[in-house]
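Everything below concerns the one structure shown next.
Letters A, B, ... mirror the listed sequences (proteins, then strands); counts begin at 1.
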Amino acid sequence: MRVRFAPSPTGPLHPGGVRTALFNYLLVRKAGGQMVLRIEDTDQTRFVPGAEEFIIESLSWCGIEFDEGVHKGGAFGPYRQSERKAMYRQYALQLVESGHAYYAFDTEEELDTMREQFKASGVASPQYNAISRVRMKNSLSLPSDEVARRLEAGEAYVIRFKMPRGREVRVQDRIRGLVVVQTAQLDDKVLFKSDGMPTYHLANVVDDRLMEITHVIRGEEWLPSTPLHVLLYEAFGWQDTMPEFSHLPLLLKPDGDGKLSKRDGDRLGLPFYATEWTNPETGDKTPGYREAGYFPEAYVNFLALLGWNPGDNREMFTMDELIQAFSLDRVNKHGARYDFTKLQWFNQQYLRHRSVDSLVEPCRKILMDKGWEAEDAVLKALIPLVMDRMVLVSDFAKEVESFFEDPTTYDESVVAKKWGGAFPTVLHELIGCYESSEEVWGAAVAEALFKEVAARHHVTPGSLLQGLRLAVTGQASGPALFEWMGLRGRSACVARLRRAAAALPAN
RNA sequence: GGCCCGUUCGUCUAGGGGUUAGGACAUCAGAUUUUCAUUCUGGUAACAGGGGUUCGAUUCCCCUACGGGCUACCA
């Protein structure tokens, strides 16, 4: 088995592209074949610098690696279509000679005119086809000496496929079954452009043949042009090695109608690409899941379950498990909404399953970005304290902010509710107890002394706890308070309690 | 408009001629946590509509509606 992922370097890789690459990868790893990365840069006007590197990096972050490609080399290179330019012409010419294609000399204006005339006479989608080509300037309508003269003179031309008439094309799609299309619906597609480059259709078929691709797994947007590709394989006499086609359902917007687009990420304030993309023209950065603190395992797990399922109730999959479980037979036919909320859940699950040790370094980095520092031992105690409260590793910053920054204000509504009654008295007394205690400071001591003071004033500890939390952290909620205080240290806690005592409302 | 593909809880989906139509996310409620979060328990919630075929259809067929894709010298 040989598969390929063949993106155009026209910009950052869309999530749908990542999923297509993933499905190719899962399938080929299970089968033990090769996966090639081919860059389809036949449209020079749409080339975006950096896109190719971005695609490789994004997929690599996801754990999708290739066996051959622009960055890996291989026996079937080059893997960039622009570098294969010279060879496509001969294939196009081969088709002209065998009568499957022809030269066309029509200018853009002439094509526009033709389309407008058709529209004026009520034809909704004008086509360059068996009917209209006789009225256009091409090697089928022009006298052969004129064709020769034009070619001789170096006049611009394209090579078009001569769509056969009255045929039925049968496409056997692995996911959708048999798809039948009448050639009368199809037009004479351009195969070879006037700039000397092939179009997608020619390059794709030629390269898949030359690279010995056995399975084509691509997005549903290619289904309508697959009959043309089948016809091309036939015209070349390559039907014996024609790959098996699988057209994947599309990824749809999280809400509303239409397919997923970058604007959906922007609109919902969530990342869109796997990794951060910098627009080479404007310098604008679009954050990626990687930068936002998501685990690649979570992202891949989430993506794998969009349009595919294992047939049982399992949801958590490592890449290896996905490879084992994956099958094209269980890929859906219908589009799937790209629901970010499920991704959050996956990330949370992956976070839970992480060992504390493996989180020390990422968390330390987050601290450093904020200008905070902590010893290893403190970090290792702090992480489990707040881990359950996080969805992303990057949430660590907001979870521990109050640990590193003294509170500056106290929420008035909580103050009003929790700092009244016995609280001021208890607070003052507690400060004294904490200071004078000879015990080695720790969570147990902080809690025991607090309970003692509360008991002396015949108040339940629970009724005072939130007030204490506010006093010491400046927040109304947070992780286990006494653990937190134990870690924070006696003097820091006392200092904060003093500050809170000074801020007590006058009565 | 034409052609092609599709349609099960809000979302991702399982299922399949006779089922209490299952799971997960989200959501709601309760318990636990004397906070929040976590965890646990429970609940609300779906076969697009209409015709066939059939003893019986959500499942098969047709039509309609709706959604999506394509309709470039873009991929």
Side-chain angles (χ1 to χ4, degrees), chain A residues 6-10 40-43 45-46 81 104 106-108 111 115 119 122-128 156-160 171 173 175-177 179-182 184-187 189-201 203-204 218-227 247 249-250 252-255 257-259 302 305-316 330 332-346 348-349 352 386-391 395 399 414 418 460-470 473 475-481:
Chain A
S8 291
T10 54
E40 307 219 330
D41 55 349
T42 52
D43 185 356
T45 64
R46 293 209 309 157
Q81 288 181 331
D106 312 280
T107 62
E108 205 177 323
L111 289 169
R115 293 190 181 107
K119 279 189 179 159
V123 178
S125 50
Q127 289 189 322
Y128 201 118
Y157 67 87
V158 298
I159 293 174
R160 286 182 181 270
V171 175
D173 184 277
I175 293 169
R176 280 148 218 284
V179 177
V180 180
V181 178
Q182 304 299 326
Q185 302 296 336
L186 273 17
D187 62 350
K189 278 273 178 292
V190 171
L191 301 178
F192 193 79
K193 301 188 272 189
S194 57
D195 65 358
M197 278 291 214
T199 59
Y200 172 87
H201 306 103
N204 194 261
R218 76 226 306 191
E220 191 184 356
E221 69 269 26
W222 293 109
L223 190 55
S225 51
T226 306
H247 289 93
L250 263 21
L252 272 20
K253 287 181 184 299
D255 49 25
D257 293 337
K259 67 173 178 183
F302 163 69
L305 260 13
L306 249 28
W308 172 84
N309 73 82
D312 54 39
N313 286 338
R314 285 180 297 163
E315 289 206 289
M316 300 294 290
R330 298 205 64 89
N332 288 137
K333 295 182 177 71
H334 57 268
R337 279 190 194 276
Y338 189 77
D339 182 8
F340 300 86
T341 50
K342 190 81 180 235
L343 174 58
Q344 318 270 331
W345 178 79
F346 272 118
Q348 191 177 35
Q349 294 302 307
R352 296 275 158 73
V386 297
M387 205 156 97
D388 279 354
R389 313 170 57 78
M390 295 158 46
V391 170
D395 288 340
E399 289 301 332
V414 186
K418 301 290 178 181
T460 61
S463 63
L464 295 168
L465 195 72
Q466 208 180 357
L468 180 66
R469 179 187 295 281
L470 183 70
T473 69
Q475 297 180 341
S477 66
L481 185 58

| query | When the nearest nucleotide of RNA chain B is assigned to A/D187 and to A/P461 on a heavy-atom basis, which residue is associated with the more 5' position? | reply |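 In this pair, the answer is A/P461.
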| query | Which sits closer to the 5' end of RNA chain B, A/A336 or A/V180, going by the nucleotide each is nearest to? | reply |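 Going by which nucleotide is closer to the 5' end, it is A/V180.
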Polar pairs (N or O, both sides) under 3.5 Å between protein and nucleotides 73-75 of chain B?
{"residue": "B/C73", "atom": "OP2", "partner": "A/R115", "partner atom": "NH2", "Å": "3.4"}
{"residue": "B/C73", "atom": "OP2", "partner": "A/R160", "partner atom": "NH2", "Å": "3.4"}
{"residue": "B/C73", "atom": "O2", "partner": "A/S194", "partner atom": "N", "Å": "2.8"}
{"residue": "B/C73", "atom": "O2", "partner": "A/S194", "partner atom": "OG", "Å": "2.8"}
{"residue": "B/C73", "atom": "N3", "partner": "A/S194", "partner atom": "OG", "Å": "2.9"}
{"residue": "B/C73", "atom": "N4", "partner": "A/D106", "partner atom": "O", "Å": "3.2"}
{"residue": "B/C74", "atom": "OP2", "partner": "A/K193", "partner atom": "NZ", "Å": "3.0"}
{"residue": "B/C74", "atom": "O2'", "partner": "A/D43", "partner atom": "OD2", "Å": "3.0"}
{"residue": "B/C74", "atom": "O2'", "partner": "A/R46", "partner atom": "NE", "Å": "3.2"}
{"residue": "B/C74", "atom": "O2'", "partner": "A/R46", "partner atom": "NH2", "Å": "3.2"}
{"residue": "B/C74", "atom": "O2", "partner": "A/R46", "partner atom": "NH2", "Å": "3.3"}
{"residue": "B/A75", "atom": "OP1", "partner": "A/T42", "partner atom": "OG1", "Å": "2.8"}
{"residue": "B/A75", "atom": "OP1", "partner": "A/K193", "partner atom": "NZ", "Å": "2.8"}
{"residue": "B/A75", "atom": "OP2", "partner": "A/Y200", "partner atom": "N", "Å": "3.2"}
{"residue": "B/A75", "atom": "O3'", "partner": "A/S8", "partner atom": "OG", "Å": "2.7"}
{"residue": "B/A75", "atom": "O3'", "partner": "A/E40", "partner atom": "OE1", "Å": "3.3"}
{"residue": "B/A75", "atom": "O2'", "partner": "A/S8", "partner atom": "OG", "Å": "2.4"}

Pairwise N/O distances under 3.5 Å, protein to nucleotides 38-48 of chain B:
{"residue": "B/U38", "atom": "O3'", "partner": "A/R352", "partner atom": "NH1", "Å": "3.3"}
{"residue": "B/U38", "atom": "O2'", "partner": "A/D388", "partner atom": "OD2", "Å": "3.4"}
{"residue": "B/U39", "atom": "OP1", "partner": "A/R352", "partner atom": "NH1", "Å": "3.4"}

| P-based separation of B/C40 from B/A24 [nearest Å] |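 B/A24 and B/C40 have their P atoms separated by 11 Å.
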| If the P atom of B/G23 is compared with that of B/G69, how far apart are they to the nearest Å? |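 So the two P atoms sit 33 Å from each other.
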Name the nucleic acid region contacted by [X], choosing base, sugar-phosphate or nothing; use a 4.0 angstrom heavy-atom cut-off, strictly under.
X      : result
A/K333 : sugar-phosphate
A/D173 : nothing
A/R176 : sugar-phosphate
A/G307 : sugar-phosphate
A/L250 : sugar-phosphate
A/P479 : base
A/R330 : sugar-phosphate

| field | Atom-to-atom span, CH2 of A/W345 to P of B/G23 - whole angstrom | value |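 It is 14 Å, rounded to the nearest whole Å.
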| Are A/H247 and B/C4 close enough that a side-chain N or O sits under 4.0 Å from OP1 or OP2? |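 Answer no for this pair, as no side-chain N or O of A/H247 is under 4.0 Å from OP1 or OP2.
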| task | Quick one: list whatever passes salt bridge (charged side-chain N to carboxylate O under 4.0 Å, His left out) with A/R330, sequence neighbours left out. | result |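 A/R330 satisfies salt bridge (charged side-chain N to carboxylate O under 4.0 Å, His left out) with no residue once adjacent residues are dropped.
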| Matching residue for A/Y338 among A/L306, A/L252, A/D255, A/L250 - test: side chain to side chain contact (heavy atoms under 4.5 Å, CB included) |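 Answer after filtering A/L306, A/L252, A/D255, A/L250: A/L306.
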| Counting side-chain heavy atoms from CB outward, which of B/G23, B/C12, B/C4 is closest to A/N313? |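 Of all the options, the side chain of A/N313 is nearest to B/G23.
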| query | Any sub-3.5 Å donor-acceptor pair from A/D395's side-chain atoms to A/R389's backbone N or O? | reply |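 Side chain of A/D395 to backbone of A/R389: no pair is present.
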